[in-house]
Amino acid sequence: MGEVVQVAAPWVLLAALLLGMAALGVAALDGALAARAACRPASVGAQHPLVETARLLRQRRRTTVAADTLLRHVAVGGFAVAPLLMVAVVPLGEWVLADASVGVVWFNAVDVLVWVLVWLAGWGPNAAWSLTGGYRFLAQAMAYELPLMFALTAPAVAAGSLRVGDVAGGQQGLPYVVWMPVAFLVYCVGVLAFSVRGPLSPAGGPVISSGVLAELSGVDRLLVLAGRAGLLVAGAAFAVPLFLGGGSGPLLPGWLWVLVKTALLTAALVVVRRRLPDVRPERFLALGWTVLLPAALLQLLVVSVVVVVRS
Amino acid sequence: MTLEVVLVLAAALFSVGLYGALSQQVVVMVMMGLELMLNGVVLAAAGFWWFTAPDPSLQVLLVVVLAAMTVEMAMGFAVALLLHRTSGADMTDMAAELKQ
Amino acid sequence: MAVSLRPLQRVLARWAVRGTTVLLVEAPGGWAARVAVERAMAERGWRAASSPADADALVVCGTPGDGWGEVLERTWAQLPGPRARASVAAPSEVPGALEGLAASLLDDDVQRVDAAARDLVPADVEPGDDMHPAGLELAGGEDDLRDGLEMDVLRVPLGPVLPDWPAGLVLRTVLSGDVVVRARVEVLPGAPQRQDPADDVARRLDAAAQVLRLAGADDLAARAVRLRDAVPAPRTSSTDRPEDAPSPRTSSTHRPQRGALSGTSSTDRREGGAGAAQRRRSAGDVRELRGRVERSRVLAWALREADVVTSSPTSGAESDAAPASAPDDLRDVGLDARRRTRDDVRTLLLGLLDLDARDDDPGRRIRAALDALPERLVGVDVVSARLLVAALDLRTDTLDADDLAALAPREDDSDDDSSDDDSDDGSDQHMHHGHAHG
Amino acid sequence: MSLAFNELSSVVLETPLPDLSVLRGVAVTALGVVAVVTGALVFRVDSMARATYLLAASFVAVGAAVVALHLDYVGVVVVLMMLMEMAVMGVFMVMLMGMNPALMPMSMVHSGRRALAAAGTSFVVLTVGILLVDWPTRPDAPPSDPGATTYSLGDALMGDHMLVMMVVSPVMLATIVAGVVLAQAHGRYERLGDDLRGTSRQGGRR
């Protein structure tokens with residue numbers, strides 16, 4: 001695969017369009033799976049995102065007493081922007097929006113931004129369920145963030161670069177997922193967690209009346225829902241250059257391979273998400289600190305040793 | 001742009017932080033002041049790096065400043081929690097009384 | 001300009017109404033109506049709302065009694081709009097009610113008038129002062145049970161308008177952070193309804209579905225709902241349940257449950273064997289579901305300690321004030337008081353799906369559970385509290401008039417010393433209850 | 001990222017790229033001003049949440065300025081760490097301030113005048129010093145490849161300045177341990193009993 005070329009800024013519109021369509025796809029797949037579970041025609045469920053979009057576009061926005069409207073707007077707007085910031089460093093074949101020299105760290109910084117957004121979305125409405133959701137997310141956040149950080153580090157160490165394009169180019173013939181599967185799995189757990197939906201969804205979920213979503217209606221709600229799906233897609237898209245060999249593959253052009261791999265991983269994550277019950281933060285804390293973190297560190301050790309031996 | 005502009009901005013950040021650290025009563029707000037002072041240090045160091053020295057030492061200094069910030073925050077929170085737990089104190093004045 | 005937008009708006013409205021979200025409110029005695037509404041909603045592709053902000057329509061199931069008026073008005077005011085509301089007292093009223101909702105939501109003119117008549121920015125914001133900004137009381141601190149830290153104390157009533165929550169139940173909680181410090185049980189009454197013991201299996205499956213839904217196990221919950229809707233009508237009750245009459249409409253493929261029900265009731269006398277076979281098959285399905293729930297390691301792992309918050313030994317001081325319910329009573333209702341049982345929710349869930357275990361006197365069990373609940377929830381976080389309440393399958397419509405009088409809402413909102421009052425009341429009611437049921 | 005910024009501005013202005021250093025100068029100055037303003041507002045607003053996240057905004061502005069000065073790694077790490085810290089700090093603010101945060105006007109100032117005088121003095125002294133000192137200028141051109149600076153940082157940390165790394169790492173570890181020990185009220189043995197299973201625990205309420 002050749003060098004990555006940074007494209008001009010207006011292409012961000014195309015990226016936004018792609019992300020939006022992928023987010024609709026996530027919701028459609030989720031709806032179809034739900035419909036199938038209820039023994040109803042999957043096609044009806046697959047229409048769910050369009051119907052829901054129409055409904056929320058038509059619905060009025062409401063506020064609560066003594067709400068911090070400014071912070072709520074920041075959170076809602078941030079949800080729409082964060083996935084875009086993530087995919088900005090993901091090369092689509094040979095093109096990338098921002099060929100940042102520290103793309104991997106950049107991605108990490110944006111996924112930490114999600115902490116801020118979720119908490120602000122919980123804080124803004126000044127209501128009990130929202131606030132509880134925001135706090136519960138932060139309670140769990142560190143337990144997925146640290147393992148995720150080390151999982152991100154492993155491919156960067158192997159490629160000897162923090163530039164996403166270099167990491168993708170560093171796995172000619174052998175995608176990193178083959179010899180760092182643990183890092184890949186830990187990374188996927190992280191994606192499930194920062195996309196703020198089950199099974200790691202302490203900020204939402206039916207048991208706290210959808211938490212940070214509880215007081216949002218109309219366009220506000222639509223943006224947060226779309227942002228949530230967008231985060232899942234962006235997480236899957238970032239895994240492609242990091243673990244899945246980027247645009248390399250037979251027959252098809254690179255950009256198409258990136259899209260195909262992203263779509264497949266996204267679909268897998270949606271299916272996993274449906275099959276697992278919600279995990280409570282205190283349960284996940286134990287898992288994160290005692291299993292995921294040591295596993296990620298061990299993986300990093302293995303990768304480092306391999307890199308040292310190979311050079 | 002000259003180095004002076006960056007340094008004056010950094011000095012302003014530092015001074016605002018100093019004001020916060022000296023004037024605030026609540027431990028957490030004092031810590032915010034300290035953080036702001038270190039923020040100024042970060043900006044100044046980056047300016048120095050750009051304008052005077054291609055030496056990586058300044059970058060290393062920046063990493064040390066970041067580590068210092070982290071340690072300051074973590075220990076600050078821990079001590080604040082300890083104070084809170086033992087005496088319900090959350091103000092610096094109250095903590096000063098503990099010494100007597 | 002406005003004219004040219006009309007067709008577009010109409011298309012948007014038509015699409016929007018296809019996915020209407022409904023906030024279901026169930027008054028005690030409204031169980032059959034709610035189930036019928038849920039069934040009809042599934043046929044239309046409608047969804048249950050998780051909160052008033054999410055809802056397009058408010059549907060009240062059953063007949064609300066005293067004390068509901070204000071609750072319903074407040075909830076209604078929280079719907080963002082376009083909005084519509086309906087009351088469904090009996091299953092037979094369901095089709096008309098939903099038709100009405102859809103028509104009302106589709107009617108842009110009606111909705112515009114409604115929207116113009118109210119301002120969604122809360123109008124009741126008072127100027128307030130330092131200690132009461134916007135006229136709200138400030139949250140104060142209180143010792144937390146979890147780790148000895150002080151968190152903001154909030155007074156949060158749970159219910160009666162809450163998805164997957166017992167009908168009419170109001171849990172007036174004082175929360176420290178997300179941990180329940182105090183709780184008081186109230187029940188808003190519904191119209192008295194004759195109990196049908198034959199509904200027992202369906203009601204258990206319904207409760208199990210609620211627990212599974214709250215736990216986020218959506219697929220299992222969907223399975224439980226399907227089994228609930230497919231429970232064959234019992235012979236004894238088939239004659240006096242209006243919805244069992246053979247439906248004149250041809251049942252489409254999406255409505256197997258209705259077809260099954262009418263088939264059973266119309267052919268009941270001639271083909272008792274077929275009904276029995278169907279009941280057997282249904283029982284087999286329930287057993288299969290129970291097996292899946294039991295085998296799911298992830299679910300067990302996720303539910304374990306679902307009601308336990310590690311409370312520090314220092315909080316043992318609380319126990320002085322706590323009324324001593326006999327452990328036996330708690331075990332009767334499926335709780336283990338000796339230790340804050342790790343597997344309470346899961347055990348209760350499996351119990352719900354165990355068709356061999358019969359609930360002979362649900363009234364007594366539920367009364368005991370309601371008595372035990374306030375004490376049991378102290379130190380439990382609010383999320384676990386919801387799981388536990390759902391798993392207890394609190395059928396408030398089995399309470400008799402005396403019970404309801406004892407659990408009626410009280411004017412004085414919980415003061416600082418109300419936990420003592422509550423505990424006194426609790427034991428008092430408990431004795432009274434023991435008397436009533438011999 | 002600074003390159004992306006250039007591209008963006010060239011598209012927006014539809015003019016050929018101006019001198020890079022001018023653009024960079026404007027960007028760094030503007031970001032610095034944003035950092036100072038948001039930093040000052042931290043001590044002016046009434047809401048704990050807003051104060052915390054204004055501080056976060058100040059850090060993000062400085063982080064962006066650092067990136068614009070081609071220290072990509074350090075700049076992005078500043079953003080990453082400070083967002084994380086401020087998210088945690090918000091929780092501590094709410095927990096330790098002991099009043100309703102969103103609603104109540106807060107003035108937590110003591111000895112405000114003295115602090116103002118001290119801050120003003122320090123600013124004047126620093127500024128005068130900055131303007132008087134004859135700063136050296138680098139002989140070569142400023143670095144053009146942020147990737148190379150990141151590499152040189154890593155090279156320094158793992159080479160000449162290894163000692164820094166070796167000191168910082170144990171300090172961080174000690175901080176984690178000390179923080180947990182100080183902040184925790186009850187250890188897990190105390191909570192769960194000697195077997196750590198919670199069976200022998202006398203806790204709860206009976």
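What you see is a predicted model, and the numbers here were worked out from it, not measured in a lab. Chain A is the first sequence line, chain B the second, and so forth, proteins listed ahead of strands; every chain is numbered from 1.
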Which atoms of L216(A) come close to chain C, meaning under 4.5 Å heavy atom to heavy atom: side chain ones, backbone ones, both, or neither?
-> backbone

D381(C) bridged to R280(A) by N-O distance under 4.0 Å | yes

Under a 4.5 Å heavy-atom cutoff, which of R274(A), R36(A), E215(A) has the most pairs with chain C?
-> R274(A)

Can R55(A) be said to sit on top of W46(C)'s aromatic six-ring, NZ or CZ under 6.0 Å from centre and within 45° of the ring axis?
-> no

Distance col, row C39(A):SG vs R223(C):CZ, nearest 0.5 angstrom, shows 7.5 Å

Side chain, backbone, both or neither: which part of V298(C) has a non-hydrogen atom closer than 4.5 Å to chain A?
-> both

Atom CD of Q9(C) and atom CG of L57(A): how far apart are they, to the nearest 0.5 Å?
-> 12.0 Å

Sidechain N-carboxylate O distance under 4.0 Å for R60(A), D114(C) = no

Give a yes or no on whether R44(C) atom CZ has more than 12 heavy-atom contacts from other residues, nucleotides or ligands under 6.0 Å away.
-> yes

Evaluate side chain to side chain contact (heavy atoms under 4.5 Å, CB included) for V51(A) paired with R14(C), printing each intermediate quantity in order.
-> CA-CA 9 Å; V51(A) 170; R14(C) 225 176 1 251; over 6 Å; no

At what distance, to the nearest 0.5 angstrom, does CG of L276(A) lie from CG of D218(C)?
-> 11.0 Å

Is W301(C) close to L287(A) at the side-chain level, that is, under 4.5 Å between some pair of heavy atoms?
-> yes

Do you know which two heavy atoms are closest between A222(C) and A37(A), and how far apart they sit?
-> CB-O, 3.7 Å

Do R386(C) and P206(A) have side chains that get closer than 4.5 Å, going by heavy atoms?
-> no

Check whether any side-chain heavy atom of E52(A) lies under 4.5 Å from a side-chain heavy atom of R47(C), and answer yes or no.
-> yes

Would you say the side-chain atoms of R40(A) pair up with the backbone N or O of A42(C), donor to acceptor, closer than 3.5 Å?
-> yes

Separation between OG of S51(C) and CD1 of I208(A), rounded to the nearest 0.5 Å = 11.5 Å

Using non-hydrogen atoms only, which part of A55(C) is less than 4.5 Å away from chain A: side chain, backbone, both, or neither?
-> backbone

Just do the side chain to side chain contact (heavy atoms under 4.5 Å, CB included) check on V383(C) and R136(A) with the steps written out, would you?
-> CA-CA 10 Å; V383(C) 167; R136(A) 277 162 59 89; 3.3 Å; yes

Which region of L162(C), side chain (C-beta onward) or backbone (N, CA, C, O), has a non-hydrogen atom less than 4.5 Å from a non-hydrogen atom of chain A, or is it both or neither?
-> side chain

Using a cut-off of under 4.5 Å for heavy-atom pairs, which of A217(C), P163(C), A13(C) has the most such pairs with chain A?
-> A13(C)

Note: D219(C)-R275(A) ion pair, threshold 4.0 Å (strictly below) | no

Could you look at S209(A) and say if it's the side chain, the backbone, both or neither that has a heavy atom under 4.5 Å from chain C?
-> both

Distance-minimising heavy-atom pair for A215(C) and P277(A) | O-CB, 3.6 Å

Shortest non-hydrogen pair, A53(C) vs A214(A), comes out as CB-O, 3.2 Å

Contact summary for S210(A) and S50(C), nearest pair of heavy atoms | OG-OG, 2.7 Å

Can you see which heavy atom on A128(A) is nearest to which on V156(C), and at what distance?
-> CB-CG2, 3.9 Å

Might you work through the salt bridge (charged side-chain N to carboxylate O under 4.0 Å, His left out) test for R221(A) and D54(C), ending with a clear yes or no?
-> CA-CA 8 Å; R221(A) 196 183 186 85; D54(C) 182 29; 3.2 Å; yes

How many angstroms lie between atom CH2 of W15(C) and atom CD of Q47(A), to the nearest 0.5 angstrom?
-> 5.0 Å

Measure the spacing between CD of Q59(A) and CD of Q111(C) and express it to the nearest 0.5 Å.
-> 11.0 Å

Contacting region of V382(C) [heavy-atom separation from chain A under 4.5 Å] = side chain

Quick one: of D164(C), L105(C), T21(C), who has the most non-hydrogen atom pairs under 4.5 Å with chain A?
-> T21(C)

